[in-house]
Each structure stands twice: as structure tokens, then as C-alpha cells.
**Student:** 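Before I ask anything, here is the structure I am working with.
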Amino acid sequence: MKIAVSYEDGMVYQHFGHTTKFKIYDVQGGEIVGSNVVDTNGSGHGALAGFLRAQGVDTLICGGIGGGARDALASAGIRLFGGVSGSADNAVKALIAGTLSFNPNITCSHHDQGHSKEHSCGQHSCGNTCDSMHSPQ
């Protein structure tokens, strides 16, 4: 099994479509046997499904995610565990243990809206401060 996590500074990044890195974990026999951080090279939103598929990923853990990206992941055969926050490593360990808290109906509801409007992504709601949360550093 290969599990990807939208990744920034050790944490689950909260906006799938804007993530610039994924941490990809190789899991065998219920244990993490390796991991590496990969750069998306500018891919975004729905294109990330193809990027992850090319990496051999079959499972994704992320924060907020839009409907188009959800559909692209489903078409690529990648299982989605969205609405997750906190440590990326801990999220993967929880998934393996069957204890991961996630939201199967997660959406990022601000698509087609300006970032000056209220919206929610994953486990947070944001208004004018959203750019600091979503901007890659």
C-alpha cells in the first residue's frame, strides 16, 4: 500500500488543490517501511490525482478538497480520507490502526469564490486570513 498525505512542515496540509508537497508512505504488513516527500512540480487540483497515480499511490489523506479533485481521485482508483488535520505521521499510523478520524463527505466549499468571502476547508473556517493558511511557503 502507498499512502500519500498532503504535506507541509510535518502536518496534513489543509487545501489539497494548493499543496506543493506530498509525503508518501510505503506500508507493508501493517507497518510503515519507508517514506519520502515529493514535490508536485506545480500540479494542482484535479491534475494531482494523475500525479499521485504516477507515484503508485492508492490512498490519500488530506484536509479540505473540492468536488472536482474528489472525482478525479475516484476515477484514478485512489481512496480518500479527507477532513484530517494534525501530524502527517500520526495520521498514517492512525489509518493503519483503523482509528483515523476523517470526514467521508469533506468538501472545500470556497471554489469559484474570492478568498475574501467566508468559506471552509477541511477542519478550519477562514475569511480574510485564508491566504496565510493556503499559501505555500
**Student:** How long is the span from the CG atom in Asn36 to the CD atom in Gln55, to the nearest 0.5 Å?
**Tutor:**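 So the CG of Asn36 and the CD of Gln55 are separated by 7.5 Å.
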**Student:** Determine whether Ile3 and Tyr7 fall in the same hydrophobic cluster, where Ile, Leu, Val, Met, Phe, Trp and Tyr are linked whenever their side-chain heavy atoms lie under 4.5 Å apart.
**Tutor:**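 As far as the 4.5 Å side-chain criterion goes, Tyr7 and Ile3 are not connected within one cluster.
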**Student:** Which residues satisfy the side chain to side chain contact (heavy atoms under 4.5 Å, CB included) test with Asp89, sequence neighbours excluded?
**Tutor:**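 Checked Asp89 against side chain to side chain contact (heavy atoms under 4.5 Å, CB included); matches are Lys23, Tyr25, Ser87.
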**Student:** First locate atom CD of Glu8, then atom NZ of Lys21, and finally report the distance between them rounded to the nearest 0.5 Å.
**Tutor:**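 Separation between the atoms: 8.0 Å.
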**Student:** Taking Arg70 for its side chain and Ala74 for its backbone only, find out whether a donor-acceptor pair lies under 3.5 Å.
**Tutor:**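 Between the backbone of Ala74 and the side chain of Arg70 there is no qualifying donor-acceptor contact (under 3.5 Å).
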**Student:** With under 30° as parallel and over 60° as perpendicular, where do the rings of Phe16 and Phe22 fit, or are they tilted in between?
**Tutor:**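 Aromatic pair Phe16/Phe22 classed tilted.
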**Student:** Using modelled atom types and a 3.5 Å cut-off, is there a donor and acceptor pairing between side-chain atoms of Ser6 and backbone atoms of Tyr13?
**Tutor:**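 Flag set: sc Ser6 to bb Tyr13 pair under 3.5 Å.
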**Student:** Indicate yes or no for a side-chain donor-acceptor contact from Gln14 to the backbone of Val84 under 3.5 Å, with no hydrogens or angles considered.
**Tutor:**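 Checking the backbone N and O of Val84 against the side chain of Gln14, a donor-acceptor pair under 3.5 Å is found.
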**Student:** Would Leu80 and Cys62 count as a side-chain contact (heavy atoms from CB on, under 4.5 Å) if you check the C-alpha gap in whole Å, the side-chain angles of each, and the deciding distance to 0.1 Å?
**Tutor:** CA-CA 8 Å; Leu80 172 63; Cys62 68; 3.7 Å; yes
**Student:** Could you check if a side-chain atom of Glu31 sits within less than 4.5 angstrom of a side-chain atom of Lys93, using non-hydrogen atoms only?
**Tutor:**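 In short, these two side chains do not touch, never coming nearer than 4.5 Å.
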**Student:** What are the two closest heavy atoms between Val12 and Ala91, and how far apart are they?
**Tutor:**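 Shortest heavy-atom contact: CG2-CB, 4.3 Å.
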**Student:** Please answer: with hydrophobic residues joined when any side-chain heavy atoms are less than 4.5 Å apart, are Met11 and Leu100 in the same cluster?
**Tutor:**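 Per the 4.5 Å side-chain linkage, Met11 and Leu100 are not co-clustered.
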**Student:** In the single-linkage hydrophobic clustering (I, L, V, M, F, W, Y; side-chain heavy atoms under 4.5 Å), do Val38 and Leu73 co-cluster?
**Tutor:**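 Yes, one cluster joins them.
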**Student:** Looking at Val27, is its backbone amide N or carbonyl O close enough to the side chain of Lys2 to form a donor-acceptor pair, meaning the two atoms are under 3.5 Å apart?
**Tutor:**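 The answer is no, because no donor-acceptor pair under 3.5 Å joins these two groups.
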**Student:** Considering non-hydrogen atoms only, spot the tightest contact between Ala4 and Ile24 and give its length.
**Tutor:**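 Of all heavy-atom pairs spanning Ala4 and Ile24, the closest is CB-CG1, 4.1 Å.
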**Student:** Given side chains that start at C-beta, do those of Thr59 and Ile78 come closer than 4.5 Å, heavy atoms only?
**Tutor:**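 Not in contact.
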**Student:** Under 4.5 Å between any side-chain heavy atoms of Asp26 and Ile32, yes or no?
**Tutor:**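 No, every pair of side-chain atoms sits at 4.5 Å or beyond.
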**Student:** Can you tell me how far CG of Leu60 sits from CD1 of Ile65, rounded to the nearest 0.5 angstrom?
**Tutor:**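 Result: 6.0 Å between the selected atoms.
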**Student:** Transitively linked via ILVMFWY side-chain contacts under 4.5 Å: Val37 with Val5?
**Tutor:**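 They do not share one cluster, since no chain of ILVMFWY contacts under 4.5 Å joins Val37 to Val5.
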**Student:** What is the distance from atom CG of Leu52 to atom CG of Asp58, rounded to the nearest 0.5 Å?
**Tutor:**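 It is 10.5 Å, given to the nearest 0.5 Å.
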**Student:** With sequence neighbours excluded, what pairs up with Asn41 under the side chain to side chain contact (heavy atoms under 4.5 Å, CB included) test?
**Tutor:**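 With neighbours one apart ignored, the set is Asp39.
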